Amino acid sequence: NIQKYQHMYKYDEIVHTRKQDAQLRCDRPARSKRSAVTRRLIARFDHYCGWIGNDVGLGNHRVFLLFLLWHIIVATFAGCAALATIYLTLREYEILSSVYAG
């Protein structure tokens with residue numbers, strides 16, 4: 001599996017230096033890191049995401065970005081629905097047009 005990622009990018013040997021993995025005792029692919037949470041060697045490691053319970057790396061970057069996009073869409077819809085509900089409730093009880101004499 002490691003051999004598959006050794007020469008994946010054209011400029012790996014120029015930009016990134018080869019490093020040894022302490023546990024596997026072999027050359028790590030460029031841009032790979034060992035996750036502190038799962039203790040796995042991840043190609044193009046980004047971070048560990050507690051929401052999906054997995055490391056974000058080469059194999060699931062697109063899935064993670066779609067996950068974020070979906071949550072942005074759902075949060076926007078829920079926010080608009082909450083604001084519309086609050087506005088309609090205030091309008092129903094005529095709170096917006098009320099004048100309080102002090």
Side-chain angles (χ1 to χ4, degrees):
N1 195 12
I2 292 175
Q3 299 301 329
K4 177 181 168 184
Y5 299 113
Q6 286 291 0
H7 304 286
M8 189 165 195
Y9 301 102
K10 186 176 178 180
Y11 299 106
D12 278 351
E13 300 300 321
I14 298 169
V15 178
H16 300 282
T17 58
R18 229 174 245 267
K19 296 180 183 177
Q20 281 275 30
D21 186 59
Q23 287 184 347
L24 297 176
R25 292 179 177 75
C26 66
D27 288 338
R28 279 192 335 208
R31 301 179 182 101
S32 66
K33 292 181 185 170
R34 189 161 288 282
S35 172
V37 178
T38 61
R39 293 188 168 89
R40 291 185 293 182
L41 187 61
I42 307 296
R44 214 172 83 191
F45 180 77
D46 189 17
H47 69 283
Y48 178 81
C49 179
W51 291 103
I52 62 173
N54 201 0
D55 299 306
V56 177
L58 182 65
N60 61 356
H61 250 120
R62 286 191 179 109
V63 175
F64 180 71
L65 291 175
L66 287 173
F67 171 79
L68 290 180
L69 178 66
W70 174 252
H71 278 79
I72 289 169
I73 291 169
V74 169
T76 303
F77 177 76
C80 291
L83 287 175
T85 303
I86 290 170
Y87 175 75
L88 291 175
T89 303
L90 293 176
R91 199 167 135 203
E92 179 183 344
Y93 291 108
E94 299 178 355
I95 295 175
L96 295 175
S97 61
S98 298
V99 177
Y100 297 99

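As a basis for the values below, the full set of heavy atoms in this structure was taken, side chains included, without hydrogen atoms, waters or symmetry mates. This structure is a prediction, so every number in the text was calculated from the model and none was measured.
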| said: So, using ring pair (Phe, Tyr, Trp, His ring centres under 6.0 Å) as the criterion, who are the partners of Phe64 when residues are at least two apart? | reply: His47
| Joint cluster assignment, Leu90 & Leu88, ILVMFWY side-chain distance < 4.5 Å | yes
| For residues 50-59, which residue pairs qualify under side-chain hydrogen bond (donor to acceptor under 3.5 Å, both in side chains), counting only residues two or more places apart or in two chains? | Ser35-Asp55, Thr38-Asp55, Arg40-Asn54, Arg40-Asp55
| message | Other members of the hydrophobic cluster containing Tyr48, with the 4.5 Å side-chain heavy-atom rule, please. | response | Val37
| message | I want to check something: taking the side chain as every heavy atom from C-beta on, are Asp27 and Gln20 in contact at a cut-off of under 4.5 Å? | response | yes
| request: Go through the structure and list residues passing side chain to side chain contact (heavy atoms under 4.5 Å, CB included) with Ser97, not counting sequence neighbours. | output: Glu94
| message | The criterion is side chain to side chain contact (heavy atoms under 4.5 Å, CB included); which residues satisfy it with Leu58, sequence neighbours excluded? | response | Tyr5, Met8, Tyr9, Ala43, Arg44
| query | Which residues pass the side-chain hydrogen bond (donor to acceptor under 3.5 Å, both in side chains) test with Asp21, sequence neighbours left out? | reply | Arg34
| said: Going by side-chain hydrogen bond (donor to acceptor under 3.5 Å, both in side chains), name the residues that satisfy it together with Arg28, two or more places apart in sequence or in a different chain. | reply: none
| said: Grouping I, L, V, M, F, W and Y whenever their side-chain heavy atoms are under 4.5 Å apart, do Leu66 and Ile72 come out in a common cluster? | reply: no
| task | Could you note down all residue pairs passing side-chain hydrogen bond (donor to acceptor under 3.5 Å, both in side chains) where residues 78-91 supplies at least one of them, sequence neighbours left out? | result | none
| field | Exercise: identify the closest heavy-atom pair between Leu41 and Ser32 | value | CD1-OG, 4.1 Å
| said: So, taking the atom named CG in Leu68 and the one named SG in Cys49, what distance separates them when rounded to the nearest 0.5 Å? | reply: 7.5 Å
| task | Sequence neighbours left out, what passes ring pair (Phe, Tyr, Trp, His ring centres under 6.0 Å) with His61? Give chain and number order. | result | none
| message | Which Ile, Leu, Val, Met, Phe, Trp or Tyr residues join Val63 in one cluster when any pair of side-chain heavy atoms under 4.5 Å counts as a link? | response | none
| Connected-component partners of Leu83 among ILVMFWY, side-chain separation under 4.5 Å | none
| Connected hydrophobic set around Val74, excluding itself, where side chains approach under 4.5 Å | Trp70
